[in-house]
Amino acid sequence: MTTASLVAIVGNPNCGKSALFNALTGLRQKVANYPGATVERRSGSLLGDTNIELIDLPGSYSLTPRSPDETVTHDVLLGTYASEKKPAAIICVIDATNLSQQLRFAVELRSLDIPMVIALNMVDLAERERITIDIKLLSEKLGVPVVETVAVRKRGLEALKSKVLAALAAPAQPSADYGSTVKERQRAAQTIASDVTLSEGIGHKTTRILDSILLHPALGVAILATVLFTMFQAVFAWAEAPMDMIDAGIGWLQVLFTETLEDGLFLSLLNDGLLAGVGAVVVFLPQILMLFLFILILESTGYMARAAFLMDRLMASAGLNGRAFIPLLSSFACAVPGIMAARSISNKKDRLTTILIAPLMTCSARLPVYTVIISAFIPNINIGGIFGLQGLVLFCLYLMGIVAALVVAAVLKRTVARGPADTFMLELPKYQAPNLRFVMIGLYERARLFLKRAGTIILASTVVLWMLGVWPGPPEGATEPAVAYSLIGIIGSGLQVIFEPIGFNWEISAALVPGMAAREVAIAALGTVYSLAGSEEMIEAGLVATLNGLWSLPTALSFLVWFVFAPQCLSTIAVTRRETGGWKWPSFMLAYLFVLAYTASFITYQTASALL
Amino acid sequence: MDGSPATNTPVLTALGTLSPGAAGRLAAFDTKAHLTAPDMIDRLREIGFAEGLNVELLHHSLFGKDPIVVRVGAMTVALRRREANLIRIQLA
């Protein structure tokens, strides 16, 4: 613990709390429009003042915790949280356009013995809605300073800081008791709100108009389906040009090295190990960014909560509720944040079920695997002139994961996670134009993480794999490529016994092992193994063409299906262990996914072999 | 405790039985709900439902007309009809 004073930012979900935290600390942090976005401890210094450590607490409606993330807020504020000291002051953020509702939490916080400053946020929106609030009177009524802020435009930050400093220096404001029940506090809040509100406002018209379209029973569902379909189509089509450029760059480097460097181990490490391996993964950066672009926009506009509403009925059929849709949609990007976002689910059994099915949502790391195989085996033709067949196959793979997730959830809810289903209740935030800064920061952060992974885990696995692939060398008079006699060949051949019934050759079997570190490594590994097997064509034609020549269609389909269910990467296992508090559930997850993947691939391979 | 309807109150309608377009004023919460869902009323209050607020049923789901989207005061809340039935409305 540092000696800096701890100041906590609290407020209802959707009050702009995280945006204010970002503006005050300059720390990169995710801002989302749905409850439960702030699941990790985020801290930073207050406008560069290192004497004050600011923490962002998960959004809560009251001090009665309803979910694991709200428990954090409760425990920290009461000073009972083990790894956090009690805050020296709190900044309570209130959405100025929703004063009477959000004041209830502020009123409840006044019963704590902690100095408080109110940040009346989104005052620009309030002005536009013609809401007028008497700040001075509000401050008098509550007995604490009130500062007007606009987090996204960085308005009122200096004033807020000076009030926080003053609150820290002065003795705590005497705590105030507004009643012990929710109803009493609600009354108190309503009374204060109506006293200080000079003009009621006209409401958020845009939100009403948009909702009448986007939440329309039939139209709304059609739009959601279109949004999701467009997302997957865009991932394939729009990312093609930058991907071709990266691919060409890698090929150019390999040719350059071949021409300038002496033939030998070093050249092999560079071309077969690093460029073929890491390069095979880096190519997918544009696709992954495209996927995140969509998810970030859905989050920052407020559409995500609407999607949860539209999906509630479907989720209910699997024994879950619409709220589980949000962590599951995030899992399309990566299961790790998805599993963490499940903390916003109040019901324990629902949360466990959501965590267990999250890996069935096709994460972005599997995209490279899908893309390579689809490009190699599915013809690039148009259907009806609009949709490409490749994009359609990709969409079907995602759909398979979703359907499987719902079926597995339904089974789990009737067996290991049996219990009464929680209900669905969710605030739908106002629509906002996507915050460009938020989206760009999110994309930058994602690109950085991805390249870091490529430079560390993927690089290391590739180099290790390359070493296993060149050693030991082939015996005299070897008839097969050298790699077949290496350690990787031996391991692959050993595993092939298990994987032969689902159509995997020894190269695939060998690639599955490093694929555990991160799923996209499987492609890097295939790149390395095949590059070692026949350097020349590989460099000229690339992995896609190589696979096309070497695999049968049933093997390719089986491999795709395997990756729909494939046992997850090490990070997912680690986060599941942390979130479920033990090895029981991650082991269960690993086992059921392996069985599912093997069974599905077996059926696919055998059926395809019989038919083709 | 929770503002039980007196004998002379006008007819109240459960929010969960309404169709989109229906609007009124939140009059009371189902007092008997404490027996079946002890803290559900508190949860409804916390998310923004309170006596005296204007309520309007805006949308319902395509599948089974459940859940519903309700405007309450300055907020928009999505919930299922079962919980909405704990809310009694004085129709406009």
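Letters go in sequence order (proteins before strands), and every chain restarts at 1.
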At a heavy-atom separation under 4.5 Å, does [X] approach chain B through its side chain, its backbone, both, or neither?
X      : value
A:D211 : both
A:S212 : both
A:A316 : both
A:R185 : neither
A:T97  : backbone
A:N321 : both
A:Q190 : side chain

Are any non-hydrogen side-chain atoms of A:F309 and B:P67 less than 4.5 angstrom apart? yes
Counting N and O atoms only, with roles assigned by atom type, does the side chain of A:T197 sit under 3.5 Å from a partner on the main chain of A:S194, one being a donor and the other an acceptor? no
[X] versus chain A, the contacting section by heavy-atom distance below 4.5 Å:
X     : value
B:E46 : both
B:R82 : side chain
B:L53 : side chain
B:L58 : side chain

